[in-house]
Amino acid sequence: RQSPPPPPQSHPRITLIRGDITKQHADAIVNAANSSLLGGGGVDGAIHRAGGPEILEACRALRASHYGRGLPTGQAVATTAGRLPAHWVIHTVGPVYSPNDDRSALLTACHTNSLAVADTLGAKTIAFPAISTGIYGWPIADAAHIAIAAITTTATNVKEVRFVLFDDAAYEAFLRATQP
Ligand code: ADP
């Protein structure tokens with residue numbers, strides 16, 4: 001017997017909302033983690049606070065089993081979402097912004113690798129924060145263009161990518177980045 005054909009891949013629908021990613025009902029939410037995977041400030045801290053200790057336990061187990069030296073920048077890995085309404089948290093490590101060194105390929109990789117992880121999970125809806133635009137200092141307009149370009153050029157079985165923007169400036173930047 002022939003094996004079934006691979007499922008069709010296409011580009012996801014992009015939606016933008018202002019809000020708190022920890023409140024999102026999506027199959028997966030993306031965490032702008034740091035490479036330790038052991039929590040931090042910003043959206044990372046909010047996800048661990050709202051999701052409870054199960055997420056940190058899963059991250060510790062991943063460090064012990066696969067990422068003894070931490071999760072490299074641009075890569076992505078999934079854990080339980082603990083008490084959050086989402087099913088999974090996909091942790092990815094954004095690049096720290098540098099004005100003298102073009103790290104945009106790593107910011108693109110955060111988005112494409114998170115989508116690839118979502119595909120392995122069978123996730124159909126995924127919510128992203130504005131990765132690298134907080135503590136890691138990336139200018140919001142530039143980060144928004146990189147994020148939207150990464151999503152619109154990647155074939156995936158994910159149906160909806162929702163960007164959850166924490167303030168007006170981030171929302172406006174993503175809105176402009178989606179307009180031709
Ligand atoms: P990074 O270290 O990648 O810069 P941060 O968490 O500092 O990560 O910031 C990334 C973005 O997430 C910033 O735009 C910040 O305003 C936003 N943010 C912070 N908390 C939340 C939250 N609860 N939901 C969605 N976005 C958030």
Side-chain angles (χ1 to χ4, degrees), residues 14-56 59 63 67 70-99 101-115 117-118 123 125-151 160-178:
I14 294 177
T15 56
L16 309 179
I17 66 159
R18 262 211 60 174
D20 178 349
I21 201 164
T22 66
K23 306 273 201 297
Q24 295 301 306
H25 291 256
D27 293 333
I29 66 167
V30 175
N31 181 17
N34 60 54
S35 84
S36 82
L37 292 177
L38 301 181
V43 71
D44 193 7
I47 286 171
H48 282 285
R49 273 195 302 281
E54 223 189 312
I55 302 175
L56 192 56
C59 287
R63 280 297 301 273
Y67 300 104
L71 182 67
T73 303
Q75 293 192 23
V77 68
T79 66
T80 172
R83 298 195 287 256
L84 296 175
H87 286 111
W88 296 284
V89 174
I90 298 173
H91 306 265
T92 188
V93 181
V96 175
Y97 179 72
S98 163
D101 177 24
D102 181 5
R103 300 180 179 165
S104 53
L106 287 167
L107 188 54
T108 298
C110 287
H111 295 84
T112 57
N113 287 327
S114 294
L115 281 181
V117 170
T125 57
I126 176 173
F128 280 88
I131 297 166
S132 288
T133 67
I135 298 159
Y136 284 0
W138 210 293
I140 188 71
D142 195 38
H145 277 102
I146 293 165
I148 295 293
I151 299 304
E160 183 197 349
V161 170
R162 192 182 309 157
F163 283 99
V164 181
L165 292 324
F166 209 48
D167 57 35
D168 283 332
Y171 181 84
E172 295 298 327
F174 272 73
L175 192 59
R176 275 192 292 274
T178 55

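As the structure lists them, so they are numbered: ligands from 1, and atoms in each ligand from 1.
The aromatic rings of Phe174 and Phe163 are tilted relative to each other, their planes meeting at an angle between 30° and 60°.
In terms of polar-atom proximity, Asp167 is not counted as a contact of ligand 1, lacking any N or O under 3.5 Å from an N or O of the ligand. Looking at ligand 1, you'll find an N or O of Thr133 within less than 3.5 Å of one of its N or O atoms. Residue Val43 has at least one nitrogen or oxygen atom sitting less than 3.5 Å from a nitrogen or oxygen atom of ligand 1, judged on distance alone. Between Asp20 and ligand 1, a contact under 3.5 Å exists for at least one N or O pair. In terms of polar-atom proximity, Ala32 is not counted as a contact of ligand 1, lacking any N or O under 3.5 Å from an N or O of the ligand. Annotation: Gly137 places no N or O atom under 3.5 Å from an N or O atom of ligand 1; distance criterion only. For the pair Phe166 and ligand 1, the shortest N or O to N or O distance does not fall below 3.5 Å.
For the pair Thr79 and Trp88, the minimum side-chain heavy-atom distance is 4.5 Å or more.
Taking the side chain to side chain donor-acceptor pair (under 3.5 Å) definition, one finds that Gln24 meets it with Arg162, sequence neighbours left out. Residues forming a side chain to side chain contact (heavy atoms under 4.5 Å, CB included) with Leu38 (at least two apart in sequence, or on another chain): Ser36, Leu56, Arg60, Arg63.
Against a heavy-atom cut-off of under 4.0 Å, Gly42 is close to the following atoms of ligand 1: 6 (O).
Neither side chain, Thr92 nor Gln75, offers a donor N or O lying under 3.5 Å from an acceptor on the other.
The nearest heavy-atom contact from the protein to atom 7 (O) of ligand 1 is Ile135 N, 2.8 Å. Ranking protein heavy atoms by distance to atom 3 (O) of ligand 1, first place goes to Ser132 N, 2.9 Å. At the shortest separation from atom 24 (N) of ligand 1 among protein heavy atoms lies Ile21 N, 2.9 Å.
The backbone N or O of His111 sits nowhere less than 3.5 Å from a side-chain atom of Ser114 that would complete a donor-acceptor pair. A donor-acceptor pair under 3.5 Å is formed between the side chain of Arg18 and the backbone N or O of Phe166.
At least one heavy atom of Ala130 sits under 4.0 Å from some atom of ligand 1.
Remark: of the listed residues Ile29, Val30, Asp27, Val77, Val30 is the sole one forming a side-chain contact (heavy atoms from CB on, under 4.5 Å) with Ile90.
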